[in-house]
Every structure is written in structure tokens, then in C-alpha cells.
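The structure under discussion appears below in the form of C-alpha cells.
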There are 2 protein chains.
Amino acid sequence: MSLRHAMLGLLARGPASGYDLMKMFEISLSNVWPATQSQLYGELGRLADTGLAEVVAEGPRGRKEYAITDAGLAELRHWITDVEPNRSRRSDMLLRVFFLDTVEPEQARHYLRERAAAATEQQDGLAKVRELIAEGRDPLSVYGRIAVEWGLRFSAMQREWAEWAVGQLDQLPPR
Amino acid sequence: MSLRHAMLGLLARGPASGYDLMKMFEISLSNVWPATQSQLYGELGRLADTGLAEVVAEGPRGRKEYAITDAGLAELRHWITDVEPNRSRRSDMLLRVFFLDTVEPEQARHYLRERAAAATEQQDGLAKVRELIAEGRDPLSVYGRIAVEWGLRFSAMQREWAEWAVGQLDQLPPR
DNA sequence: AGCCTACATTCCAAAGTTGACATGTCGTCC
DNA sequence: GGACGACATGTCAACTTTGGAATGTAGGCT
């Protein structure tokens with residue numbers, strides 16, 4: 001149930017409407033925890049029902065501004081410090097690797113080369129994001145940079161791994 | 001819908017029952033694509049309904065042995081070569097990082113140090129797995145090693161990143 | 001013969017996720 | 001004053017994932 005906590009985390013920075021949260025997700029959290037608009041509004045209602053957030057203002061076009069409550073902040077902190085992060089990472093990319101022997105060797109190599117290329121592309125994109133938030137001294141920028149750094153290191157690792165793996169296949173005896 | 005393809009991939013190595021698949025998932029795929037017994041049996045039925053697999057033998061205790069069909073093999077190969085792997089990786093571990101400014105600085109450091117420790121632990125576990133399959137010349141071992149190498153590199157990267165991140169926090173001006 | 005473990009399947013409820021559809025309003029530019 | 005894009009929320013069906021309960025059989029050991 002991390003969606004709930006992602007929303008609490010954003011609300012902890014200040015009151016926001018569902019629409020605001022939607023944009024914040026798109027900008028900053030989409031790579032870490034994607035959420036659709038319907039999920040957001042649904043969860044916002046549940047947050048209010050359970051007292052973790054409350055409507056603090058109503059604006060034009062039916063806008064409802066929500067703020068985190070003390071209970072919500074406590075729940076957020078509890079989640080951050082006391083709940084063990086999920087270890088398992090589903091990866092259909094890696095799943096395919098297990099079955100690469102069912103396709104032609106050349107296709108297996110192609111698959112891995114594509115992974116390396118995709119990683120490079122991702123790295124370039126993240127490098128640009130890092131530049132955008134390079135200046136900020138606010139918490140969002142500081143911790144955002146730490147998260148971006150993770151992505152950068154991850155894609156570098158993946159690129160190197162994929163290149164190494166192609167080399168492994170080259171050393172394989174022909175079938 | 002990768003579960004279907006994970007099962008097809010295992011069936012491509014030879015006929016198996018739901019129970020057999022369950023054990024294979026536990027041993028080799030649990031880190032990449034966890035699946036529960038109820039999912040397995042359900043999907044097995046659907047595989048048979050859609051002609052991607054078929055019952056080839058019945059054994060004691062109601063055992064039904066399934067084998068992949070030509071259509072199933074074609075679908076598996078199609079998935080491996082033509083379907084773009086999912087880029088997005090949900091990570092509640094990284095999500096917490098975004099909100100680390102809502103807890104005490106010391107708790108933030110503690111969180112990151114715990115991540116480093118967990119990564120080290122994971123690395124040790126994978127190193128043992130690698131030893132276990134170091135010998136095999138069969139496709140499962142070859143590609144299994146490539147997958148394990150990914151995990152090893154991933155956890156090394158995560159450990160280094162977490163340690164680096166603690167250093168970043170140390171350079172932060174006190175609130 | 002009796003017991004235990006491993007084998008083996010089926011069904012179900014709850015929660016999470018996706019993507020689409022439906023509906024309406026405010027502000028601004030021409 | 002009309003058109004349009006951005007703002008704003010709500011609902012729904014389908015599918016996936018999780019976790020548990022219920023049920024029963026075969027084989028091996030004592």
C-alpha cells in the first residue's frame with residue numbers, strides 16, 4: 001500500500017488537490033511509483049475517510065484542497081522508519097534472460113544489446129533531470145538528487161551488465 | 001502478463017505439473033517473478049484453455065502433467081523477441097528516499113545504512129547461489145548465471161549508492 | 001497397520017492497478 | 001462573446017496479485 005504513503009509524503013510538503021498531486025506524481029514520482037488519476041482520487045477519498053488527510057479548502061471548479069493531518073504524518077513517519085522496504089523486484093527484462101535459450105543465439109545477443117542501448121538512453125534522460133535539480137537546496141531537490149543518482153547508477157550498471165552478458169554468449173560453444 | 005510467459009518458459013524445458021512449476025518458481029524465478037500456488041494453477045488452466053499448453057499425462061494424486069504446444073512456443077518466442085520489456089520499476093525503497101526530510105536526520109541516515117546492510121546481505125546470498133550453479137553447462141545454468149550476475153551487480157550498486165547517500169546527508173547543513 | 005511428509009489440486013476474498021469514459025468549469029485570447 | 005486549453009473530479013470494468021482455506025492421495029518409515 002505504498003500509493004497511500006506516496007500521497008501522504010507529497011501532502012506533507014503542503015496542501016494540494018487531487019489535480020495537484022497528479023502533476024506532482026508525473027513530475028517527480030512517475031519513475032518510482034506511477035499512479036493513475038483514478039487511483040489518486042480514489043485514495044484521496046479513503047485518506048479523508050480514515051482521518052489521515054482532510055479537506056482544508058474548496059476552490060473553483062469543485063477543487064478540493066487536502067492537507068495531511070497529525071495522524072497522517074505519524075503514519076507516514078511510521079512507514080518510513082518502521083516498515084521494511086519490499087525486497088522483491090519483479091523484472092520481466094530479467095525473466096526473459098532465463099529463457100533466452102529458446103530463441104536463436106543471434107536474437108539472444110540482440111536482446112542484450114537492446115538492453116544496453118535502452119540503459120544508455122535512460123542514463124542520458126536522467127543526466128538531464130539531474131542538471132535541472134542541481135541547484136536546489138530544498139529537501140525535494142536534495143532527496144530528489146539522491147534518487148536520481150540511484151537511477152544513474154542503476155542504468156550504468158545495467159548497461160555494463162548487458163555488454164558483459166553479450167561477451168558471455170560469445171564464449172558459448174555453438175549448439 | 002509475464003506470469004504466463006514465465007510458465008511457458010519453464011514448460012519449454014519439458015513437461016511439468018503445477019506442483020513441479022511451483023518448485024521451479026521457488027528455486028529459480030522467485031527473485032525475478034514471484035508467484036503463488038493459486039496463481040500458478042489458475043494460469044495453467046488458462047494456458048490449456050487457450051491452447052498454449054496441454055495435458056500430456058495424468059499421474060497419481062490427480063497429477064496432471066502439462067507440456068507446451070507449438071502455439072505456446074511461438075508465443076514465448078514472440079514475447080522474448082518482439083515485446084519491449086517494462087521500463088518502469090516500482091520501488092518503495094526509493095519512494096521513502098523522497099520523503100526522508102519528514103523524519104529526523106538521524107533516522108534518515110539509519111534508513112540508508114540499513115539499505116546498505118540489506119544489500120550486502122543480499123550479495124552474500126547471491127554469491128552462494130552463483131557457486132551452486134558455477135559448474136553447469138546447460139542453458140539453465142548459463143542464463144541463470146547471467147541473471148545472478150545482474151543481482152550481484154545490482155546489490156553492489158545499491159550498497160555503494162546507500163553509502164554515498166549517507167555521505168551526502170552528512171554534508172547537509174543542520175536544519 | 002498406522003502415521004507422517006510430500007505431493008497435488010481447487011476455490012475464494014480482498015486489495016491493487018490499468019485505462020477508459022463521463023462530466024463540467026474557469027480564464028484568456030482573439 | 002465564442003472557442004479552447006487547462007483545471008478538476010468522479011466512476012467503472014477488467015485484470016493481476018496476495019494470501020489463505022479446504023481437501024485429499026501416495027509412498028515411506030516404524
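The chains referred to below are lettered A, B, ... by the order of the sequence lines, with proteins before strands, and numbering in each begins at 1. In what follows, every heavy atom counts, from backbone to side chain, and hydrogens, waters and symmetry copies are set aside.
Rounded to whole angstrom, the span from the CG atom of B:D92 across to the P atom of C:dT17 amounts to 11 Å. For the pair A:L95 CG and D:dT16 P, the interatomic distance rounds to 15 Å; values are reported in whole Å. As a whole-Å value, the separation of B:Y41 OH from D:dG20 P is 18 Å. Following rounding to the nearest Å, B:D20 (CG) and C:dC7 (P) show an atom-to-atom distance of 9 Å. The nearest whole Å value for the distance from the CG atom in B:L21 to the P atom in C:dA8 is 11 Å. In this structure, A:E26 atom CD and D:dA6 atom P are separated by 12 Å, rounded to whole Å. Summarising the geometry, the separation between CG on B:L44 and C1' on C:dT10 is reported as 12 Å, rounded to the nearest angstrom. Distance, B:E58 CD to C:dC7 C1': 16 Å, rounded to whole Å.
Contact annotation: A:K64 side-chain N/O to D:dC7 OP1/OP2 distance is not under 4.0 Å. Considering only side-chain N and O atoms, A:Y19 lies under 4.0 angstrom from the phosphate OP1 or OP2 of D:dC7.
Note on the helix from C:dA1-D:dT30 to C:dC30-D:dG1: terminal axis deviation equals 10°, with five pairs used at each end and the result rounded to 10°.
Considering only residues two or more places apart in sequence or on other chains, B:E106 meets the salt bridge (Lys or Arg N to Asp or Glu O under 4.0 Å) condition with B:R109, B:R113. Under the salt bridge (Lys or Arg N to Asp or Glu O under 4.0 Å) criterion, A:R90 pairs with no residue, sequence neighbours left out.
In terms of position along DNA chain C, the nucleotide closest to B:E65 lies nearer the 5' end than the nucleotide closest to the other residue of the pair A:R46 and B:E65.
Residue B:H110 holds its NE2 atom at 12.0 Å from CG of B:L100, rounded to the nearest 0.5 Å.
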>> Could you walk me through whether A:R46 and A:E43 satisfy the salt bridge (charged side-chain N to carboxylate O under 4.0 Å, His left out) test, starting with their C-alpha distance in whole Å, then the side-chain angles of each, then the deciding distance to 0.1 Å, before giving a yes or no?
In response: CA-CA 5 Å; A:R46 250 165 277 141; A:E43 191 61 37; 2.8 Å; yes

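Classification of the B:W150-A:W161 ring pair by plane angle, with boundaries at 30° and 60°, yields perpendicular. Ring orientation note: the planes of B:H5 and B:W79 are close to parallel, at an angle under 30° on the 30°/60° scale.
Every pair passing salt bridge (Lys or Arg N to Asp or Glu O under 4.0 Å) that includes a residue from residues 6-34 of chain A is listed here, sequence neighbours excluded: A:R13-B:D101, A:D20-A:R63. Every pair tested for salt bridge (Lys or Arg N to Asp or Glu O under 4.0 Å) that includes a residue from residues 71-83 of chain A fails, sequence neighbours excluded, so the list is empty.
Across all non-hydrogen atoms, the minimal contact from A:Y66 to A:V55 is CE2-CG2, 3.6 Å.
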>> Counting primed atoms plus P, OP1 and OP2 as sugar-phosphate and everything else as base, spell out the protein contacts along nucleotides 18-25 of chain C at 4.0 Å heavy-atom distance: B, S or - for each nucleotide, 5' to 3'.
In response: BBBB--BB

